[in-house]
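Below you'll find the structure, written out as structure tokens, and then a few comments.
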Amino acid sequence: MGEPLMVVEDLSKHYPVSEGQYGGRTVGYVKAVDGVSFTIEKGRTLALVGESGCGKTTTARLVLRLRTPTAGTVRLEDQDVHQLSGAALKWFRTSVQAVFQDPWASLSPRMRVRDIVAEPLVANHRVTKEEVRERVGVTLEKVGMQRWQGDLFPHEFSGGQRQRVALASALITEPRLLVLDEPVSALDVSVQAQVMNLLKDLQTELGTAFLLISHDLATVRYVADRVAVMYMGNIVETGSVDQIFETPRHPYTKGLFDAALPTHPRSRKEKLEIKGEMPSPLDPPTGCRFRTRCPAVMSVCENVPEMIEVAPGHLVACHLFSPRWS
Amino acid sequence: MSFDQPVGTVNDVARSAPVLEVEDLRTYLYTRWGTTKAVDGVSFTVGSGETLGIVGESGSGKSMLALSLVRLTPEPAGKIVGGRVILNGRNLLDLTDKQMRAVRGKEISMILQDPQQSLNPVFSIGDQLAEAIRVHERDLDDRATHERSIDALKSVHVPAPERRLKNFPHQMSGGMKQRIVGAMAMAYHPQVLVADEPTTALDVTIQAQYLRLLKDLQRRTGVAIIVITHDFGVIAETCDRVAVMYAGRFVEEGPVEEIFDQPRHPYTRALLDSRPKVDVRSTRLQSIEGQPPSLIDLPTGCRFAPRCFYSIDRCVAEYPPWFEITHAHTAGCWRSEEVPWASR
């Protein structure tokens, strides 16, 4: 295991649900993220995988300090990021940056690319115009663009190029951690490969750690080093990318692979293991949250499963692997 | 439920005589920047019980092709300027709007990508299904309409259909809404179903269920399905035949296994190679450099030539004709036979 960069412990975010004409009465909580722990190593990629509503984006927002957690901590190099202020906060904002899914929505249409790219630098540091120009130029070249393209506006670029602009803007402060929320899912197939290759090259070159949020297993397999699978606000399985893809243990993880579309018509699958849909997050099942859809459900699943280490670094929250049963 | 049953083997070419024949279809968009040739001479056929996949990137014209088949191209910019769409012995492009309304839903139906946009948020599911039914049976009384609606929902395995009829779209999940859309499209057992990115808005586990549902409907009704998608996974899961679309035209067409095993057009091959795989860890992905051409100002030669690794002078000068690879597999590439193709 490498050196930890960010340590997340027991992180939770519960949103109150209110009722009544003016929303005065709180009738319950949606536990979007509920007791999630993980570590991001320096220069490596952790992927959070799951379906919509599993809490992966909320986790990303908590990590980015865009939401305040209900409980738990996010530590970047031993500093609790939700307790930061003043200069330490500026340090955090330059150390952690994000790239979002939709480059049509994330870039201001009225700003030139060079100003978009410069924004995080200008907002957090005192820099001269010459320095800004130079840094913008260097960063654009890093993401495979030309310096003169900084004079253009976002609408003059295709999706893949826009995502490069978003990436340049995120990288200009030389962050330690980049949060990538579905960075290629809005792009065309042929362009996805370009951007994924670029991400891998940048990581090798700059040593930036990535937190990759994705629902696409193929992307995860290509980019990530470690994987955490989320279901209804919990991490149900975590391990190295090879452990998760070659020996998935949790029935939900297996079901995700099972539901993934085949890469070849001859590998069409016979049967789907996971049935039905995710239950309402307002009223999640007690015990293991996956038990309502699980093909291997047992009576013990009414109890909350603990994380069990099935191989070094490979943890599964499932009663099937409880030592009491084997 | 029946959609858990195995999908079965891939059909060998068309099972029966074609139900839908498309000949040299051209749909242009007239914009202030010029004329966009979104669909520029596309021909194909689909047989009953067969699934044809049309795969392409955004801007390839695949959605405009789908809309042209049901004559729902955006007005006034979009115009079908040529070609024929033959269904049940007549050209759909010759019909009046009123005649076409009777055909839509009864002979040919469509499912769009986002169920959120296909359903009206202020009407209940029951009202919307009833509307779809009364287009074809205006005199049906309330009770019969109700029964029809319940049958339609049952056919797409919606649990508790009576209760669902009173629901509004916002009360349902995306997967359930897409099923309702499927129920509307299939209520009159059309012979052809056009599904434009039917599962792109759905989650992985729901997507797999939905594709199986479509296959199940096909087995029961023999509907010919045209799946429009950018995702080779959807193609691999559902299709019997595939057509690859680039810059308004088909560049390769053939049985699904042949296309995956030995693509003969460089574009098809590049697309297949650029996909990351779930089952193997790739060290580096092949990417296609450059951008698709503008559909306003198209090159005279092969439209993929500027991005093509195998391009020669002839590719730039002359548009390639169709080369027959096997009896059902054709590719529009000058070098389709001479370029060595490693089998995957």
Side-chain angles (χ1 to χ4, degrees), chain A residues 49-54 157-161 184-198 200-201 215-224 241-242 245-246 252 255-280 293, chain B residues 1 3-10 55 57-59 159 173-176 199 202-209 211-212 230-240 255-257 259-261 267 270-282 284-289 291-292 307 344:
Chain A
V49 192
E51 296 177 272
S52 50
C54 74
F157 292 99
S158 66
Q161 295 285 72
V184 297
S185 52
L187 307 177
D188 262 320
V189 196
S190 69
V191 181
Q192 284 187 359
Q194 290 175 17
V195 174
M196 280 191 270
N197 284 337
L198 175 66
K200 290 193 87 164
D201 292 345
H215 70 279
D216 180 38
L217 295 165
T219 306
V220 169
R221 172 131 228 205
Y222 183 59
V223 180
V241 71
D242 289 336
F245 280 75
E246 271 151 37
Y252 178 64
L256 272 185
F257 286 119
D258 204 40
L261 295 173
T263 45
H264 193 285
R266 269 195 297 275
S267 40
R268 287 182 192 173
K269 288 173 198 102
E270 291 283 301
K271 209 168 148 229
L272 290 179
E273 290 295 339
I274 302 189
K275 310 222 162 76
E277 300 187 0
M278 201 183 282
S280 161
R293 299 170 77 190
Chain B
M1 273 184 273
F3 51 90
D4 290 328
Q5 284 165 6
V7 170
T9 47
V10 175
V55 64
E57 297 179 83
S58 52
S173 66
M176 203 50 78
T199 57
L202 307 181
D203 268 319
V204 192
T205 54
I206 308 301
Q207 158 167 288
Q209 291 173 12
L211 292 177
R212 272 158 204 246
H230 68 280
D231 186 349
F232 269 105
V234 173
I235 299 284
E237 173 77 19
T238 57
C239 294
D240 305 311
V256 67
E257 293 200 356
I259 296 287
F260 276 80
D261 284 336
Y267 177 62
L271 274 184
L272 284 166
D273 285 348
S274 68
R275 302 172 306 154
K277 320 267 180 310
V278 181
D279 33 6
V280 268
R281 179 155 206 184
S282 350
R284 189 138 194 103
L285 297 176
Q286 295 291 317
S287 60
I288 310 175
E289 297 309 317
Q291 307 291 328
R307 300 171 76 189
R344 295 162 58 77

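Letters go in sequence order (proteins before strands), and every chain restarts at 1. This structure is a prediction, so every number in the text was calculated from the model and none was measured.
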What's the verdict on side-chain contact (heavy atoms from CB on, under 4.5 Å) for A:Arg266 and B:Asp261, showing C-alpha distance, side-chain angles and the deciding distance?
-> CA-CA 10 Å; A:Arg266 269 195 297 275; B:Asp261 284 336; 3.0 Å; yes
Do A:Gln194 side-chain atoms and B:Ile288 backbone N/O form a donor-acceptor pair below 3.5 Å?
->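 Yes, the answer is positive, given that a donor and an acceptor are paired below the 3.5 Å cut-off.
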Between the side chain of A:Asn197 and the main-chain N/O of B:Arg284, is any donor-acceptor distance below 3.5 Å?
-> no
Go through B:Thr205 and A:Arg293 one step at a time and tell me if the side-chain contact (heavy atoms from CB on, under 4.5 Å) criterion holds.
-> CA-CA 11 Å; B:Thr205 54; A:Arg293 299 170 77 190; 3.3 Å; yes
Per-residue contact mode, [X] against chain B (heavy atom under 4.5 angstrom):
X: A:Asp242; answer: side chain
X: A:Phe245; answer: side chain
X: A:Val195; answer: neither

B:Lys277 versus A:His264: any side-chain heavy-atom pair under 4.5 Å?
->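 No, their side chains stay 4.5 Å or more apart.
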Contacting region of B:Gln286 [heavy-atom separation from chain A under 4.5 Å] | backbone
Under 4.5 Å from any heavy atom of chain A - which part of B:Leu211 |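 Just its side chain gets close to chain A.
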Nearest heavy atoms of A:Arg268 and B:Val256, plus distance in Å |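 Looking at all heavy atoms of both residues, the shortest contact is NH2-CG1, 4.2 Å.
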Please name the pair of heavy atoms, one in A:Ile274 and one in B:Gln209, separated by the smallest distance, quoted to 0.1 Å.
->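 Looking at all heavy atoms of both residues, the closest pair is O-NE2, 3.5 Å.
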How long is the straight-line distance from [atom2] of [Y] back to [atom1] of [X], given to the nearest 0.5 Å?
X: B:Phe260; Y: A:Thr263; atom1: CZ; atom2: OG1; answer: 8.0 Å
X: A:Glu51; Y: B:Ile206; atom1: CD; atom2: CD1; answer: 6.0 Å
X: A:Asp188; Y: B:His230; atom1: CG; atom2: NE2; answer: 7.5 Å

Residue list, side chain to side chain donor-acceptor pair (under 3.5 Å) with A:Glu277, at least two apart or on another chain | B:Ser173
Among all residues two or more places apart in sequence or in another chain, which pass the side chain to side chain donor-acceptor pair (under 3.5 Å) test with A:Ser267?
-> none
Heavy-atom pairs under 4.5 Å with chain A are the metric here; pick the option from B:Gly175, B:Ala270, B:Gly233, B:Ala236 that has the most.
->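 Highest number of heavy-atom pairs under 4.5 Å: B:Ala236.
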Select, from A:Val241, A:Val220, A:Asp216, the one with the greatest count of heavy-atom pairs under 4.5 Å involving chain B.
->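 Max contact count across the listed options: A:Val241.
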